[in-house]
Structures are given as C-alpha cells and as structure tokens.
Amino acid sequence: MRWSQALIPTLKETPADAVAASHILLTRAGLIRQLGAGAYTYLPLGLRVLRKASQIIREEMDRAGAQELLMPALSPVELWKESGRHANMGGILMELKLSGDRHYVLGPTHEEVVTDIARDLINSYKQMPITLYQIQTKFRDEPRPRFGILRTREFLMKDAYSFGSDLAQLNTAYDAMYEAYCRIFDRCGLPYAAVEAESGPIGGDSSHEFMVPCSVGEDSLIQCGACGYAANRERAEIGKPGQAVPQDHSAPAHQKVHTPGVRTIEELSKFLKVKTSATAKLLVFMADDKAVAVLIRGDHEANEAKVRRAFGASTLEPADAQQIIKATGAPIGFLGPIAIKIPFAVDHSVAAMATVVVGGNEEDVHFTGVIPGRDFALDRVLDLRNAEQGDPCPRCAGTLSVAQGIEIGHVFKLGTKYSKAMGANFLDDQGQSHNSIMGCYGIGVNRILAAAVETGHDDNGIIWPLAIAPYDVLVVPLQVTNALVMADAALLEERLTDAGFDVLLDDRDLRPGVKFKDADLIGVPLRVVISERGLKEGTLEVKWRHEKEAKTVPLQGGADAIAGMMREARAAHAAKCETRQVIRKSGHSSTN
RNA sequence: CGGGGCGUAGCUCAGCCUGGCUAGAGCGCCUGGUUUGGGACCAGGAAGUCGGAGGUUCGAAUCCUCUCGCCCCGACCA
C-alpha cells in the first residue's frame, strides 16, 4: 500500500475529548474516528487491526473445535420475553418497532438466539458436545460510553456458546475455551491475567475474566504476588486477619454518646476524632425480601455477592430508608449491632477489633468502647467485604494487591438457565429428555485494540505487537523525487509483499521529520529507511519500533535480511507463546 | 439518572464577562517558490448556518429562555 493513496488521517494535536491513551493515539494515528457517543468508524488502518485480531480468534476457536456461524443482530422481542431478560437487562437493551407492530431487539449478546437455534437443531446427545461461535456486532444502550473504543454502544464481540449433555462435557468445553483464550491473548501479545469471577448458578470455580492491567480499566483486579491467586473485586476472597488485637472483656462498659445529626462514617470520624477504621457500620439488606444486616468496618465496602451467600439468598438489594426503620427501629446513620432484632453477620475485620464505635439504634446516638463478642454476638463471622490493597491472601500467607484492568474476555458456565427457560432439550441414550448444559464465552474484539495501545505506546505513538499491527513493515524512502531511491523502495515493497508481509510504503513527498513522526505515531513494528545517503554507502536503515537504535543492513540482499528479521521475531514470539502454554499445562487447570 | 465542563473552519483554540466595522490565530488543505535525516520557511488562496430554535435590541458569536450534542466524576454495567 502506498501511503499517498491511503486514508491515514494522522493528527498532530491531541483531540480535546480524548482522555485515555488508547483513545488519543488511535485517533491521532488515524485508526478511528468518532461519530457520536460510543460510536466509532474504523478507518482502513483500524479495520486492519480488527481483522488481524479477529483472524487470530478464528484460528484458535477453530483449533479448539468450535464452529463459526453468524446470527442476526436483529431478534424478535418474544425471544427475550421467553428467557426473562426483557425485564432483567436494565436499560441496556436496544429495542425498536418496525412497521406494523413488530417489536425487535438489537442483540446485546446472543444466548437467546443461539438457544433458539439449539432447541430446533440440537435434539440428540449424539450431536453433543458442540460449541458455536460468531464474530458479530453487538448493541447495548450503555448509560455512559467511555474512553474511546473501550466502552461503546456498538461493538464487535466474539461470542461462543457450548452445549453439552452433562457436566463433564461442559467442563471440557469450558477448559477448551479457557485454553483458547490464553492462546489468543498470548498471540495478540497482550499482558493479561485470567482471574476468578463471580460464578453464578453453578457455583464453584466456574467463571473467569481475562483482564489486561491498565489504569483506565473499569474493573478491579485483585492479585496475590506470592501464590498467583487472582480474582475480580466481586469475587475476591480475603484471608483471615492475623492475630487479633487482645480484647479486654473486663474493660468498662461501652459509652453512650450524643451525636446529633452525625449520619455518615466521615462525620462520625470527625465528630469523635477517631479514624474511620475504628468505627463500624451496620448495613441492612433485603435478602429475598427478608431484612438482614452485616457489620462492616467503617472504611470498608460491603461485597453484595458475599452478603447474599452469607444469608443463602438468591436475591439481595440494599434496604431503603423505610425498610431500615421497620427492621431496626432506628433511622439510617445510627444503626448498630447491639440489641438488633434481625439476623446479622460480622465481617472478620470487625470481629478482630479490640473496641469499636457503632451506632446506637436510636436517633442521634452512637456507642463507643464497644467490644465485639462481649457487647454483641459473634455467632456469624464471615468474609463480607471487598478486598483492598494489603489484605491477606485467601490462599497463602501473602498479601493482595489491587489494580485496575480492562476486561477483554469472559468465560462462564451457564448451566441450564437458558435451555430450561426456552426449552432447549435433547434425548439421551435412554430416550430421556434433558435440558442442554450451556456455557458462554465472550471476547471484546475492539477492546483488544484498546488494551494493546494502552499497554503498548510511548510519547511518540503506538507500539503495536507484531501479530496485530496494521502493517508489518513500513518502507520509508526519504527522497521520493529521486528515481533510484523510489525504485529501491518499490522493489523492497514487492519482495517483502511476496514474502508474505504486509507492507506500507510512505511515498509522500514530505520532509523526513514529518515521515518519522508519522511512522512512530502509527507504530508499525519494523521501519526501513531508504535514503540517498544510504544508497551511496549501499545500505538500508532498519529500526524496530520498540527499540531505540536503528541498524544498517546491506542494500544487497536487504529484502531477504529484513524478511529474515521479521521471521525471527515471529518465531521468537511463537516460542514465547509455546512456553506459556507448557507452563499452563504443567500448572493447575481452571476447574481444579 | 445526579453533579461539573464544553460546543466558533478538518484539528487545537482566541473573541463572549463589558453587544457595534467584512468573525480571528496556529496546525492541516490548495497554488507557486526556497528547503530536505526527527512535525521547515516565504507569498498567495479555499474553507464558518459561531450546535439549533425562540426572545431582548437599531444591532447578538457575545445578553435571556428553551433545546440538542459531546466530555469528565458518580450511579449503572449479562
């Protein structure tokens, strides 16, 4: 491709609206262009990267035995009513009415559509296991699109769905997808972590998110540096706190303090001049419509999934002001564990405190000097809060660290949620009918670009990983009006193209500085400069985007040398992927 | 949905507070010339419903009302 003919609208200045590095650089390098909030055009350069990532995904999905199909974005609303998600997806479902009174949905994901296919076409245990996938545009009415292509209303997703006749088939399919995901992200050159995620209906270790650590990530990634434990914030367990501070049960009884209008932990902390970590808050939830409470240290956050499990509830939501008064007799802001009448659980960190400040279950009253276990019961002490930086690891003696991350993939064991709701059944070898057992597996293709740029750039621009770069080699003739220079550039382009590389030739008649700046900006891995100066010496200049220094290679046989360098780099990367695969095999599998 | 910010040329922005000549600059683009290894210079040129509607006024980019869009923080996120 000749740059002079290509639509690569690079920008010298930073677009005013862009904040994230990926947004700024993808725009400046001419890969994307914003149309509206959460809607982007992929210009030729951007599309090339999307295609390369998609191709890697396809190859690995096929290798894992999945079959590609293509489902429509448009689906009848009835399907969504059948599954129950028409009511449950919040506001993100994009709905539209077509002429007449036909009511459609633009698919935010495709469990319903694929389950509809399965109930029609997969009726026998002999057809299973089977995994189907597609790479297709999804639509979600995101309340707040963000960070360029990181969160958009329309995005490319690889979604796969497995159907099995028993749990063993589900586990096999899940493990195959997990391994395929590792291979995909390895090949794409992304620094990712597979973390445990909230497992949903099947329980156990049945969901993983693939995250790329990065400051603009919207998810939290909790990791133990010592043993490799990794989970998202919703899922992360916390180890038991170390030796508790000794309690003095013979200490004077707790004190009643008048705290007019002191409703928040912040206010309480200021009013009594104690640290927020010396206080505790009683949070009331409606667990399957029954009021329950948890006692959490003032500076901590409750984890609703943990609270839900603690009370064995299937649904949980925070109680509103009225429910709280009804349940505790006190207004919000003055709740405490002493003489409370609803079931409550205490977080480990509160149980370990020597004394604590809590609400008095009476307006404008708090108690100080409260001793856990003496002044209120410690029948139910559990892990109930979100993990934080420095918390003990649940698996070893290490401590947890918290980082932000971009979720680029998610694997999930669905079980029979959809097959049951929609009647996707099969007959077993005894002629008995069962619901198919499903798994679903998603990859955000656009997010691969965003994550690659977030983790691969410098002050001058993008540094693409080899495997998904829009072009492999950028050939830069410095004097395009010099016929000799151009002839050599054209020859090099031809040779490298014939050798199977994607070549961009910067034939624009611009000053060298401009061409170098643009080269760094778009981040093509290998840059080859052909100049009058070099030709006199019989050399080409070759520079990797990720390295500082350029090398010279002889003009004679230059194409072969450059092709060799590229092949070597590819081989080195493949070897690295291979090594990681071996490490995974020798390590623990996802389901043990 | 709550809070904050911003809409003026393809991009970055000035002008608005305190209304008044033909609405400006830099970058980019077009023409010509000089330049040529890290975002050159000179001369000339094209390019704008000042987001939109209504109002106030002799007169509105500027003041008022409404509205649309975009960005950030929060809520939300199968």
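The analysis underlying the following values was restricted to heavy atoms, covering all of them including side chains, and did not include hydrogens, waters or symmetry mates. Residue numbering restarts at 1 for every chain, and letters A, B, ... go by the order of the sequence lines.
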When you get a sec, tell me which of B:A78, B:G38, B:C71 is the closest nucleotide to the side chain of A:Ala37? B:C71
Considering only the P atoms, how many Å lie between B:A9 and B:G52, rounded to the nearest integer? 10 Å
Base-pairing assignment for B:U62 (Watson-Crick or G-U wobble, both under 3.5 Å): none
In the structure shown, which nucleotide is the Watson-Crick or G-U wobble counterpart of B:C6, with both distances under 3.5 Å? B:G69
Report yes if at least one side-chain N or O of A:Lys12 is closer than 4.0 Å to OP1 or OP2 of B:G28; otherwise report no. yes
Distance-only donor-acceptor test (3.5 Å): side chain A:Arg151, base B:C77: yes
Proximity to the side chain of A:Arg144 - top-ranked nucleotide from B:C73, B:G39, B:A78: B:C73
If pairing requires Watson-Crick or G-U wobble contacts with both distances under 3.5 Å, which nucleotide is the partner of B:A23? none
What distance, rounded to whole Å, do you find between the two P atoms, one in B:U18 and one in B:U22? 24 Å
Under 6.0 Å from the six-membered ring centre of A:Phe155 and within 45° of its axis: does the NZ or CZ of A:Lys138 meet both? no
Among B:G38, B:C11, B:G37, find the nucleotide with the atom closest to the side chain of A:Arg33. B:C11
Quick one: look up who B:G28 pairs with, Watson-Crick or G-U, both distances under 3.5 Å, and put none if it's unpaired. none
Under a 3.5 Å limit on both distances, the Watson-Crick or wobble mate of B:C50 is none
Check this for me: does the side-chain of A:Arg527 come within 3.5 Å of the base of B:G38 through a donor and an acceptor? yes
Using the ring of A:Trp3 (Phe, Tyr or Trp, six-membered ring only), decide whether A:Arg508 places NZ or CZ under 6.0 Å from its centre and within 45 degrees of its axis. yes
Watson-Crick or G-U wobble partner of B:U35, both distances under 3.5 Å: none
Salt-bridge criterion met for A:Glu493 and A:Arg2 (N-O under 4.0 Å): yes
From the set B:G74, B:G38, B:C11, return the single nucleotide nearest to any side-chain atom of A:Arg146. B:G74
Could you tell me how the ring of A:Phe185 sits relative to the ring of A:Phe210: parallel (under 30°), tilted (30 to 60°) or perpendicular (over 60°)? tilted
When the P atoms of B:A14 and B:A25 are considered, how many whole Å apart are they? 16 Å
Look at the rings of A:Tyr40 and A:His23 and say which category their plane angle falls in: under 30° parallel, 30 to 60° tilted, over 60° perpendicular. perpendicular
Give one of base, sugar-phosphate or nothing for A:Gly91, where a contact means two heavy atoms less than 4.0 Å apart. nothing
Nearest-nucleotide pick for A:Phe147, side chain only, options being B:G37, B:A75, B:C72: B:C72
Is the shortest distance from a Lys or Arg side-chain nitrogen in A:Glu218 or A:Arg151 to a carboxylate oxygen in the other one below 4.0 Å? yes
Which sits closer to the 5' end of RNA chain B, A:Glu13 or A:Gly148, going by the nucleotide each is nearest to? A:Glu13
Strictly below 4.0 Å: does A:Gln479 bring a side-chain N or O up to OP1 or OP2 of B:G37? no
Phosphate contact (B:A78 OP1 or OP2) by A:Arg85 side-chain N/O below 4.0 Å: no
Does the B:G38 base have a donor-acceptor partner in the side chain of A:Asn460 within less than 3.5 Å? no
Gap in Å between the two P atoms, one belonging to B:C73 and one to B:G10, rounded: 28 Å
